Amino acid sequence: MEIPCPTLRNFSLLLFFALPVLVAAQTANISSGSLLVASDDSSPWHSPSKEFAFGFRPVGDQNLFLLAIWFDTIPDKTIVWYANEGKPAPEGSKLELGVDGQFTLTTPHGEEIWKPYSAVYKAAYAAMLNSGNFIIADNESNHIWESFRNPTDTILPTQIMERGGLLSSRLTENSYEKGRFQLRLLPEGKLVLNPIALPTEKAYDAYYISDTYDPANDTNSGFQLVFNESGYLYIVRRNGNIKNLTSGSISLPQDFYYRATLDVDGVFTQYAHPKSPTEGNIWVQSWTPVWFEPKDICSDIKGDLGGGVCGLNSYCTLQSNGRPNCQCLPGFSLLDQDDKLSGCKQDNVQRCDPTAPNPEELYEITVLSNLVWRTSANYEELQPSNEVNCRDACISDCNCVVAITYSGRCWKKKLPLSSGKVDISTYGKVFVKIPKANHTSRELPSSENINMKEDQATAVLVISILLGGSVFLNLLFMAASSIAFFCSYHKRQTLTEVSSILETNLRSFTFENLKKATEGFRDELGRGAFGTVYKGILSSPSSTTLIAVKKLDNLLQDGEKEFVAEARAIAMTHHKNLVRLLGFCDEGQQKLLVYEFMSNGTLASFLFGISRPDWNRRVQIAFGIARGLAYLHDECGTQIIHCDIKPQNILLDDSFTARISDFGLAKLIMNGQTRTLTAIRGTRGYVAPEWFRNMPITAKVDVYSFGVMLLEIVFCRKSLETERENEEEVILVDWVYDCYRYRRLEMLVENDEEAKIDMKRLERLVMVAIWCIQEDPSLRPSMKMVTQMLEGVVQVSVPPCPCPFSSFC
Ligand SMILES: *[C@@H]1O[C@H](CO)[C@@H](O)[C@H](O)[C@H]1NC(C)=O
Ligand SMILES: *[C@@H]1O[C@H](CO)[C@@H](O)[C@H](O)[C@H]1NC(C)=O
Ligand SMILES: *[C@@H]1O[C@H](CO)[C@@H](O)[C@H](O)[C@H]1NC(C)=O
Ligand SMILES: *[C@@H]1O[C@H](CO)[C@@H](O)[C@H](O)[C@H]1NC(C)=O
Ligand SMILES: *[C@@H]1O[C@H](CO)[C@@H](O)[C@H](O)[C@H]1NC(C)=O
Ligand SMILES: *[C@@H]1O[C@H](CO)[C@@H](O)[C@H](O)[C@H]1NC(C)=O
């Protein structure tokens, strides 16, 4: 191994020289007399890099066109700016830079509909710049107008917003007119987000306020919102100090497009999008959120006026991706079917008939739970009260639409109801009174709970990152999974007896139960060797629990009896770094396992996402996984060899604690295409070399995989990156060992400030990892030993070379 440690410095130098070339590329001037016509086949004006386009985009299906700027090289062609407050122009409209120096958009009938600047200015030329800024300049190259100074709902890197600046959300995804939310940098220096009343645009109470306002001293107050070219968004104070909005660090600014958009739902979000497709010219990843504010829009919109984020008479569920999911109360439906934020109206208007003999004939009651409103719609409070008389009090009261009962009290609410939201921590019952259509009773599901429909974005993210790995890696994973068959429990007689006495709280579910809980297996979270995982929700009158349901396939045919036994064995394991099995379903061919839901996705998406997660958290995760594995190998009743340790099989819970998943399943999987093994002979992934040799499989295969993964955690990169320019960098394990040997580990963390100041610990982690990936299984430490070495309880000696033939080193 004569290869010296390749430096990242060379790489960044390259970039440094490449950049000015791009900048100096000719800006194509759009000269006087140029013209764009709104039609399906008009070609836009491009930036020199071709990345941005300025021109007409068809909207809706009525031959209308929006004058806009968009990202032109990505499939989404995402619009980042639009003219005329989002009002589209009819087909045949003309945009012209006249010889008189005026820039105007006119209809086919010659009617002027948009003009960006006053007639006292005379434009000489215009240009679509590589930054995404469209400029109009006079004969002395002074900018008369810039799209960057007149933003709509989005800002881009290199764009700056001064005090008084404003972004407006659009009305719906497809309608660009003013929506219900605003972002402003106020004259006193704070950045705020607030809902507005349409059409007057009165600002309601802010739901996000930056702490960049010092009433005593203006130099401490913010004066610019800056989106810098490396993809960081921050507020600059007058005294030059900054307040970061982008959290964490942006690792690869040169490979991604960024934008920050005040979305339709009022969430201000910074997104990243890869600049080029992955292998095979497929775009697997679209815009991915990097950061957003506010963190809980369902709760943070607090003012008395306005309908909250979801509009009146609806309720909001905060999804794990920070987005609100809006739903109408039972008996209500959306005002505008195409706009989930439009609020809801009652399907049958409540009639008030004091002479009605029996209110039960006029109304029915649906019982919900976990739902709260702000107090504003209460008009009566009964105390003492109980569920029965609260319900009765509402049904016989013409004004009552909803009643809530909670610890001996009962509140009646009237219409409209604003800012309803799901809050799993509340208990108590919610009665919704629904007028029947003309006494004829309509069948309404009297559900005891709320179906929280979760957005699929997180799942998509997880999957896209899974798919994003190289084809090669995926092949490797497939192979790794197919060999997992060999893994099984190694029973240690003495301990089994003890554990079989322990009671497991394993629930048995019917298939119908689980179908309902997952809304017909709608929301897919991921796919693995053992089957597909879906998100679901379990509700009981007292609680609501999110679950992950794994539908197993490829099971052993004769595994009928074994399945339940295996599930029980898995359920017997209890450790804070393992995903808990809550129950199972065993109905003929249908074999499902029910796990607790992990809100923060997989370790893979966490590590290989856009921004680098912080160092200490990564270290804690590595320690957690080691402890979980040590438990599986040595401390639980039956030894469990996982056989498929990789970042995709490590999940993160609410508090980012690492939780190992899929353990104990290897035994259940069918003996599939084990022959594919030969294809990967000699390649390094997470797969221990003994798989390729005629050697016994022991718990040390997990130690090997853990070692590879530990390096991925430490350096936040995949074990194989075939697209690397320097050949030495392709295989992480080799690269790290070289750098370690030449005492140049700091080269590997050049962009990681946090790791750089913790080099001692970093080196220890690397040494432990190198011990774990020794070719000879007997040289690898046990997981128990690994935990002690990681924590610094025992000294780590200098590891030998992990290469196949030691003489080679
Ligand atoms: C664009 O036009 C302005 C004014 O005529 C001129 O100063 C500038 O050099 C032109 N740029 C290019 C790249 O032609
Ligand atoms: C630009 O135009 C103004 C009149 O519109 C003229 O006075 C000025 O000299 C021009 N400047 C150049 C550099 O041509
Ligand atoms: C304002 O704060 C700056 C430090 O940020 C300080 O130097 C300056 O003296 C203060 N001005 C007043 C008027 O307090
Ligand atoms: C952008 O801002 C970040 C955070 O303040 C900073 O670390 C980085 O150096 C800046 N990049 C440029 C090109 O100014
Ligand atoms: C802002 O973020 C950058 C990059 O992560 C960091 O270097 C800088 O210290 C942060 N600044 C503040 C004031 O937090
Ligand atoms: C519903 O009630 C209205 C008024 O009471 C009556 O005119 C109408 O015929 C009724 N419709 C049905 C379907 O019973």
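The structure presented is a predicted model; accordingly, all values stated were derived computationally and were not measured. Indexing begins at 1, ligand by ligand and atom by atom, following the structure's order.
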Short list, please: which atoms of ligand 4 are under 4.0 Å from a heavy atom of [X]?
| X | answer |
| --- | --- |
| E229 | 13 (C) |
| I242 | 5 (O) |
| S230 | 1 (C), 10 (C), 11 (N), 12 (C), 13 (C) |

Is the ring pair F134/W45 parallel, tilted or perpendicular, if the boundaries are 30 and 60 degrees?
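The arrangement is parallel - the two ring planes meet at less than 30°.
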
Report yes if some N/O of N228 lies less than 3.5 Å from some N/O of ligand 4; otherwise report no.
yes

Using the ring of Y271 (Phe, Tyr or Trp, six-membered ring only), decide whether R259 places NZ or CZ under 6.0 Å from its centre and within 45 degrees of its axis.
yes

Pairing donors with acceptors under 3.5 angstrom, does anything connect the side chains of T78 and W287?
yes

Checking D752 against W615: is there a side-chain donor and acceptor pair closer than 3.5 Å?
no

Test of understanding: with side chain to side chain contact (heavy atoms under 4.5 Å, CB included), list the residues that count as partners of Q102, not counting sequence neighbours.
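Residues passing side chain to side chain contact (heavy atoms under 4.5 Å, CB included) with Q102: D100, K115, Y117, A119, K122.
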
Qualifying residues under side chain to side chain contact (heavy atoms under 4.5 Å, CB included), relative to S655, sequence neighbours excluded:
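Here the qualifying residues are D653, T657.
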
Whether E140 lies under 4.0 Å from ligand 2, heavy atom:
yes

Identify, chain by chain and in numerical order, each protein residue with a heavy atom under 4.0 Å from an atom of ligand 3.
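Only N217, T219, N220, N239 have heavy atoms that fall under 4.0 Å of ligand 3, ordered by chain and number.
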
Taking atom CD of E727 as the centre, report whether more than 12 heavy atoms of other residues, nucleotides or ligands fall under 6.0 Å from it.
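Atom CD in E727 is not crowded, with 12 or fewer foreign heavy atoms closer than 6.0 Å.
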
List in chain and number order the residues that pass salt bridge (Lys or Arg N to Asp or Glu O under 4.0 Å) with K178, two or more places apart in sequence or in another chain; answer none if no residue qualifies.
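In terms of salt bridge (Lys or Arg N to Asp or Glu O under 4.0 Å), with neighbours along the sequence ignored, K178 is linked to E85, E201.
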
Please state which part of T246 comes within less than 4.0 Å of ligand 4, counting heavy atoms only: side chain, backbone, both or neither.
neither

With a cut-off of 4.0 Å, which atoms of ligand 2 are near a heavy atom of N139?
1 (C), 2 (O), 3 (C), 8 (C), 10 (C), 11 (N), 12 (C), 14 (O)

Is the backbone N or O of G266 less than 3.5 Å from a side-chain atom of R180, with the two atoms forming a donor-acceptor pair by type?
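No.
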
